[in-house]
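None of the values given here were measured: they were computed from a predicted structure. Letters A, B, ... mirror the listed sequences (proteins, then strands); counts begin at 1.
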Amino acid sequence: MNAVLEAEGLSKRYGRRWALTDCDLSIPAGRVVGLVGPNGAGKSTLLNMAVGLLPPTEGRLDVLGRTPKAGAALAGVGFVAQGTPVYAGLSVADHLRLGRHLNPTWDQGLADERVARLRLDPAQKGGKLSGGQQAQLALTVAVAKRPELLVLDEPVASLDPLARREFLQGLMEIVADQDVSVVLSSHLVADLERVCDYLVVLVDSRVRVAGDVEELLATHHLLSGPFHDMDRLPRDWEVIHASHTPRQSTLLVRTDQPILDPSWTVDQVGLEDLVLAYMSTGEGTLRLTGTER
Amino acid sequence: MTWVAWRQVRTQALVIFGGLALLAAATVVTGLQIRHVAEGCAATVDCSQLVGITTSGFTWVELLLRGAALAMPVITGMFLGAPLIARELETGTHRMVWTQAVSRSRWLAVKVLVVGVVSVLASGLTSWMTTWWFGPDDSWQMDKFVDSIFSIRDVVPLGYAAFAFAVGVTAGLLMGRVLPAMATTLVTFVAARMVVQLLVRPRFATPLFYAGAFHPGPGGSVKDGAIPAGSWVADGQIFDPSGHPVQVLRFGPGDACVATNTCLNGYTQRVQYQPWTRYWPFQWTETGLFVVLALLLIGFCFWWINGHRLPGRGAPVARVAAPHAAPRVPDERTARDGHVDGRVPAGSDEPRLTGVDR
């Protein structure tokens, strides 16, 4: 498997606080990868290190086969930073011109076409654009440099639901049209569900689970049944989450095997519930609701 | 990259050079009149008109030029230097521009070069205009070497401009916010200027001494011809006939010496001065000093910008997250509004502030 981003023992410390500890991760090429985790899990830290804005404290990080160096020119990676910053005093056309001057691989046709399709006024100043338009402009600048890898750090966090949908739609069009790998972070699973085919769950600066979305959904099962002793479960079951009442047990298990025990009612689990189960640390704090198969 | 740097400084540069163009128009019109008078008085050896025309006739031009020459370096330092990096860090746009196919060093080099040239040029033009306008007056009064005038003539303002610009860039880089960086630039520049003018400049060369009879001349307290014309008198002391230093000379109309004009007989003075011939060496030394300081600061910026943790995270501290994802089951999870952030308190339907993680 060809990896666009590979981390090994990657750690980042701000002063005394560790923002990311001992992160091992391999993100395959040609995928739309959702990086999901609660605020403060280290998503932005990881992505900022991937584009060379932050130097790692420890560990190894390879992006497109190279180690990102702080301060170096970034050619093959397009980046949309958190909060999708644009220059308040520069017009939309100025932003494209800036991108053209700073990137030898710039595709002006693509940029113009996107601006036209988004109905952005080229003369409009960046500061006067709506949040959604700013995000679209930042994405346009990142895409028109024709990157092999597109990194987006919480691009829709500040957008209203409509702008969110439009932004993600635009992103999907880009993925469909171009040969580009995408890593997209969000603390909302719902955003990622629509666009991602690969998921990485980051909790407390560690990777809790990573894998193909279809595969994750196929191998996770929500079981409910009479109270079961946890020590007597099949050995190939990985119990992600368990909650018990004196009479009933509810489990989220990961297994490749079919569930044969008839005392369990088996439900398919949604992606959001799956992610939540991985994120919740304590037992029984989360009530999972299955979806009918 | 040059276009990018110019585009970002264009508005400020146009305001500054527009103002300078207006000032230049006033300078040229009034300056030509002064020159006309000066040529006339050189022939008749009566330059009293010149004093009048520069001090009363065109007071407004004089004040504008003095003010502009004095303030231009720190204005460009504050309004062009300080925001150079700080604005990017403050608004987060450094995350956009530093992730293009241009290295940070090259980005900084071009920005420093383009905006630095604009800054130094602004002070250079101001100084040039000032020096030209005051030219006849300076040559008649021979006081160009006096500290306050020395600082707004010829080449030193260029050194000041380079220094103020570098202070602004450095403060902006270290602070990551425009306003504090501007304030720091102002304070640092004024302090450095005062220290150099009061303490360092007099020591560029060992002053010469004059000791002899005290005969106050028309232009100062030193007898004409005793020290070279145009010299900068840094310090002086008068001694009475018995050799004691005196601060104030007291003679009244009743004193006998007044009639014979012998009151100052026996008084001596000691004067420390820098001769006029040192004017240009001093100009270049002070310019060089500030340019070297500027280069050191800019060098530091290049070193710092590559890899050091930078201030100014850019992203807003908090923002409103609109509620979305229609509730399905009124359980604990949907009460969280679809947020997987376990710290969001349950049971609230209001839009709420969610922290931005790093």
Side-chain angles (χ1 to χ4, degrees), chain A residues 14 19 36-45 48 51-55 70-75 77-79 81-83 85-90 94 97-99 101-105 138 141-142 145 154 157-161 164 187-190 272-273 275-276 279-280 285-287 289, chain B residues 1-5 7-8 10-11 87-88 90-108 302 305-310 313-316 319-326 328-329 331-334 336-344 351 354-358:
Chain A
Y14 297 112
V36 66
N39 291 332
K43 303 187 297 291
S44 283
T45 300
N48 276 300
V51 296
L53 281 175
L54 282 175
L74 192 67
V77 185
F79 180 56
Q82 189 171 16
V86 294
Y87 288 96
L90 298 197
D94 284 336
R97 207 165 160 191
L98 178 142
H101 280 270
L102 300 185
N103 294 288
T105 53
V141 173
K145 78 189 268 193
E154 302 255 12
S158 60
L159 304 186
D160 63 69
R164 224 170 253 254
H187 59 282
L188 295 172
V189 187
E272 190 163 349
D273 282 350
V275 169
L276 281 167
M279 284 186 193
S280 67
T285 54
L286 187 74
R287 197 144 27 106
T289 49
Chain B
M1 186 60 225
T2 314
W3 175 84
V4 175
R7 180 63 191 81
Q8 287 184 271
R10 198 173 68 184
T11 315
R87 175 97 60 220
E88 306 263 0
E90 195 171 86
T91 56
T93 45
H94 67 290
R95 289 160 195 270
M96 177 188 268
V97 78
W98 289 354
T99 48
Q100 307 300 325
V102 164
S103 73
R104 255 180 247 183
S105 294
R106 201 169 111 69
W107 173 82
L108 183 62
F302 274 97
I305 203 169
N306 282 301
H308 279 84
R309 197 189 165 195
L310 297 158
R313 306 244 320 280
R319 56 166 76 106
V320 175
H324 65 287
R328 281 168 290 183
V329 189
D331 65 3
E332 188 186 346
R333 177 172 53 75
T334 45
R336 286 196 203 135
D337 198 18
H339 283 75
V340 291
D341 181 353
R343 281 168 288 169
V344 175
T354 52
V356 174
D357 75 343
R358 42 204 334 159

Considering non-hydrogen atoms only, spot the tightest contact between Ala101(B) and Ala73(A) and give its length.
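Looks like C-CB, 3.5 Å.
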Ignoring hydrogens, what is the shortest heavy-atom contact between Met96(B) and Ala138(A)? Give both atom names and the distance.
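Closest approach of Met96(B) to Ala138(A), heavy atoms only: CE-CA, 4.1 Å.
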Is the shortest heavy-atom distance from the side chain of [X] to the side chain of [Y] under 4.5 Å?
{"X": "Val77(A)", "Y": "Thr99(B)", "result": "no"}
{"X": "Asn48(A)", "Y": "Arg95(B)", "result": "yes"}
{"X": "Leu74(A)", "Y": "Trp98(B)", "result": "no"}

Can you tell me how far the CD atom of Gln8(B) sits from the CG atom of Leu98(A), to the nearest 0.5 Å?
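Reported to 0.5 Å precision, the distance equals 7.0 Å.
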Sequence neighbours excluded, which residues qualify as side chain to side chain donor-acceptor pair (under 3.5 Å) partners of Thr93(B)?
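For Thr93(B) the side chain to side chain donor-acceptor pair (under 3.5 Å) partners, ignoring immediate neighbours, are Glu88(B), Thr91(B).
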In terms of heavy-atom proximity below 4.5 Å to chain A, should Val102(B) be classed as side chain, backbone, both, or neither?
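Both backbone and side chain.
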Please confirm whether the backbone N or O of Gln100(B) pairs with a side-chain atom of Asn103(A), one donor and one acceptor, at under 3.5 Å?
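Checking the backbone N and O of Gln100(B) against the side chain of Asn103(A), no donor-acceptor pair under 3.5 Å is found.
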Who passes salt bridge (Lys or Arg N to Asp or Glu O under 4.0 Å) against Arg7(B), sequence neighbours left out?
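Testing Arg7(B) for salt bridge (Lys or Arg N to Asp or Glu O under 4.0 Å), a comparison that skips the adjacent residues, returns Asp94(A).
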Atom group of Val86(A) that falls short of 4.5 Å from chain B, counting heavy atoms:
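For Val86(A), the contact with chain B is made by backbone and side chain together.
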Tell me which of these, Pro85(A), Ala88(A), Gly89(A), has more heavy-atom pairs under 4.5 Å with chain B than the rest.
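Ranked by heavy-atom pairs under 4.5 Å with chain B, first place is Pro85(A).
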